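Notes to accompany the following structure.
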Amino acid sequence: MTELYRIDRKEARDMLVTKVKRYNSTTILEISEKFTLMKFMGHAACQTKLNKIWKGHISTNTSNIKAIIAAFIPIFIMKVVKTDNKVGPQKPNGTTSEVDTKWPDWRNIYYFYNSPMIKFLFHVLTYMAMLVIFCMFILTDLHPMSEKYPSVYEYIVYAMAGSLMIEETRQAFVIKQVSWNLMTWFSFWTLFEILMYSMFITSVFLRLTLSVGKFYHTRMTYAITLGLFIVNGMQFFLASRHIGPKVIMIGRMMYDIIFFILIFAVFVFGFGVIYQATMYPNSTLGFQLFKEIIYMPYWQLYGELFLAEFEGKEPSPCSHDVSLYSKGTIARCPEVNQINTLLLAIYMVVTHIILVNILIAMFSNTFTKVQDNNELVWKFHRYSLVQEYYDKSMLIPPLIIISHMFKIIMCMYNACRGITNGSNMFKLKRPDAPNKLEKKAVYNYFNLPARMRRYHAKNMEAEKDGLEASYEQDTELSLQEQFDLLSSDMDSMQENQLKTLQAINQLKEKQQKLLIVDVNSKTEGQIFVPVEMPITRSK
């Protein structure tokens, strides 16, 4: 890829998204994403291709600030943002045609608002607006159905959240190709979104069914759902080169916490059972007993030691009489046992000195792994982000439902006529004819010296390539690149000549050994006379 990118950058980028029939019509970028090939995804060819798809037809030298201004003031689309008028619509074989005439203004406006970058901007603003409306009706206007019907704000949240849920489900099966195999669902954000939308459906169901006396359950589920939606907004930070890796780091640390909780639960239950058996013997079996077992050892992890209860100095009114505390009218007094103080000391040493430091070490290890490959991790996850917003509709929720209906109709229409899905920027269909540039790149790679390979690979880093460069004018090599290529060719020629001379000398030595004539002299000893014979071709 490095050699091909040096020869023809446009061809190298197109090759990344070309369907390969022998690999079940899979592209190179899909293979890299599936098998987590981070180093390959960080190549200049991959990153410049993703950046081109991210901006769509917007000129690549347009800054983000100019694009944002043009998004809200469409009159600047023609003056500030220049769309690429050289690329025409795709042909059935996946190639593009060149258009000499200028396109109408409405087409430029469509291509501008249909670019993934602008769609990302409007989806972020729409999501923030939904969160504000969600907070408004939960904090100020949430009543049982018997008292008041849902407000307009609540219906807006229903429509926006429902359309987002449908869109996420569609992309899960269309883009991510999630199957019914549960192993494909074990991603942090996938599990988080499943939990979030499940809580949303539960909240709406409780909102419409619970009476006044039990309506507090609705408030509780609504509040939790709102918190999950707010946390889910962290996914928008993945578009940032600086904040994105930190979000990925948080997701990986959640798995560290799961392993820590499994270890911590052993000690919590172990010491909790001892506390309960010695301080509150003969307790009643039930859920309350389970709560009391884990209550004290869990909060002791954060510094709440309950020393007054351990030493029998609890100031609140309590009783040792079974007939009183069994009715729930008064609290039960804890039994004083000197072993509990010793157990508390051992528990604090185990949890605070050993377990907490193990968790810190796990976090440090995860942080170091991500931090050392900070740029590489962000570049790898950038592929999923660009692909997601390339496939999204330019309509914002809840109007995105219109796009879903249109896609369903078109899918049924294509199925009836036997039309398969066409090409797009992530999947190009090109003829399988032998590519001379690819063969030349392979030849250059295997004939270059090792030091030149390392030199070329170092210069192909995406951050040094300039992601904001002009993509259609960078096919010519610079003077320095031409000099490097000429030097490498001369080095390879010298190496080939040296190998040829060595092979000829070895051949001469073999022939001389075969043509030694053994002459028996009448004088003393044996004389070996080497005779050089001309090499003749055999018939």
Side-chain angles (χ1 to χ4, degrees), residues 1-6 9-10 12-13 15-17 27-56 58 60-65 67-68 115-117 120-121 124 176 187-189 233-256 362-390 425-426 453-471 474 478 480-481:
M1 179 54 63
T2 299
E3 294 302 319
L4 182 60
Y5 193 68
R6 289 176 62 250
R9 299 187 176 185
K10 186 178 183 303
R13 288 191 292 266
M15 179 176 150
L16 291 170
V17 293
T27 64
I28 297 178
L29 285 181
E30 287 180 331
I31 296 174
S32 303
E33 196 267 343
K34 181 177 179 59
F35 294 97
T36 320
L37 305 179
M38 288 191 179
K39 291 185 179 180
F40 185 83
M41 192 68 77
H43 194 276
C46 300
Q47 292 301 307
T48 51
K49 182 62 179 179
L50 291 178
N51 197 64
K52 183 174 177 61
I53 298 175
W54 178 250
K55 288 194 172 183
I58 300 175
T60 53
N61 58 6
T62 302
S63 64
N64 294 331
I65 297 178
I68 293 173
S115 62
M117 181 176 66
F120 173 81
L121 171 64
V124 170
K176 301 177 183 177
S187 171
F188 173 75
W189 289 112
M234 292 178 62
Q235 292 194 59
F236 295 120
F237 294 139
L238 293 174
S240 173
R241 183 189 295 261
H242 304 287
I243 308 178
K246 304 301 184 293
V247 177
I248 299 170
M249 190 183 304
I250 292 173
R252 294 187 178 182
M253 286 181 177
M254 297 304 295
Y255 292 103
D256 295 339
M362 292 169 65
F363 282 169
S364 300
N365 184 41
T366 302
F367 178 84
T368 303
K369 286 182 179 179
V370 178
Q371 190 68 21
D372 291 344
N373 302 294
N374 197 5
E375 195 79 10
L376 209 58
V377 170
W378 177 78
K379 289 175 181 176
F380 176 76
H381 287 83
R382 186 170 178 245
Y383 170 79
S384 300
L385 179 71
V386 176
Q387 188 182 31
E388 176 184 355
Y389 282 92
Y390 177 81
M425 292 291 288
F426 276 97
R453 294 182 190 174
R454 292 193 296 269
Y455 176 75
H456 292 162
K458 184 178 180 181
N459 288 341
M460 285 297 108
E461 295 178 4
E463 56 268 19
K464 294 183 180 180
D465 187 75
L467 295 182
E468 305 299 329
S470 177
Y471 294 100
D474 59 0
S478 64
Q480 181 64 32
E481 290 176 333

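Being a predicted model, the structure only gives us computed values, none of them experimental.
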* What's the shortest heavy-atom distance between Met1 and Phe40, and which atoms? -> CB-CE1, 4.1 Å
* Asked: Hey, what do you get for CG (Leu121) to CG (Asn64), rounding to the nearest 0.5 Å?
  -> 9.5 Å
* Structure fact -> When every non-hydrogen atom of Arg382 is compared with those of Asn51, the smallest separation belongs to NH2-OD1, 3.0 Å
* Begin with the C-alpha distance, continue with both residues' side-chain angles, and end with the deciding distance and a verdict on side-chain contact (heavy atoms from CB on, under 4.5 Å) for Leu50 and Tyr390. => CA-CA 10 Å; Leu50 291 178; Tyr390 177 81; over 6 Å; no
* Structure fact -> All heavy atoms of Thr366 vs all of Arg252, minimum pair found to be CG2-CB, 3.8 Å
* Structure fact -> Closest non-hydrogen atoms of Trp378 and Pro245, given as atom of the first, atom of the second and distance, are CB-CG, 3.8 Å
* Pair Trp54 and Phe120, ring centroids less than 6.0 Å apart -> yes
* Asked: From Phe236 CZ over to Ser240 OG, what is the distance, rounded to the nearest 0.5 angstrom?
  -> 14.0 Å
* **Separation between CE of Met253 and OG of Ser364, rounded to the nearest 0.5 Å** => 7.5 Å
* Measure the spacing between NE2 of His381 and CG of Leu238 and express it to the nearest 0.5 Å. => 7.5 Å
* Output the distance between atom CZ (Phe367) and atom CG (Asp256), rounded to the nearest 0.5 Å. => 13.5 Å
* **Criterion side chain to side chain contact (heavy atoms under 4.5 Å, CB included) against Tyr5, the qualifying member of Met15, Lys10, Arg13** => Arg13
* To do: Start with the C-alpha gap between Ser115 and Lys55, add the side-chain angles, then the distance that decides, and say whether side-chain contact (heavy atoms from CB on, under 4.5 Å) holds.
  => CA-CA 6 Å; Ser115 62; Lys55 288 194 172 183; 5.9 Å; no
* **Residue pair Ile53 / Met425: nearest heavy atoms and the distance that separates them** => CD1-O, 3.7 Å
* Can you list the residues that meet the side chain to side chain donor-acceptor pair (under 3.5 Å) rule with Asn365, with sequence neighbours excluded? -> none
* Starting at CH2 of Trp189, measure out to CD1 of Ile248 and round the result to the nearest 0.5 Å. => 10.5 Å
* Answer yes or no: is there a side-chain heavy-atom contact under 4.5 Å between Met249 and Phe363? => no
* Asked: Heavy atoms, side chains only, cut-off 4.5 Å: are Thr27 and Leu16 in contact?
  -> no
* **Heavy-atom check, side chain of Arg9 versus side chain of Thr48, under 4.5 Å** => no
* For Phe237 and Lys246, run side-chain contact (heavy atoms from CB on, under 4.5 Å): C-alpha distance rounded to whole Å, both residues' side-chain angles, the deciding distance at 0.1 Å, then the answer. => CA-CA 9 Å; Phe237 294 139; Lys246 304 301 184 293; over 6 Å; no
* Nearest heavy atoms of Leu376 and Met38, plus distance in Å -> CD1-O, 3.6 Å
* Asked: Given side chains that start at C-beta, do those of Glu30 and Tyr383 come closer than 4.5 Å, heavy atoms only?
  -> yes
* **Sub-4.5 Å side-chain heavy-atom contact between Met41 and Leu29** => yes
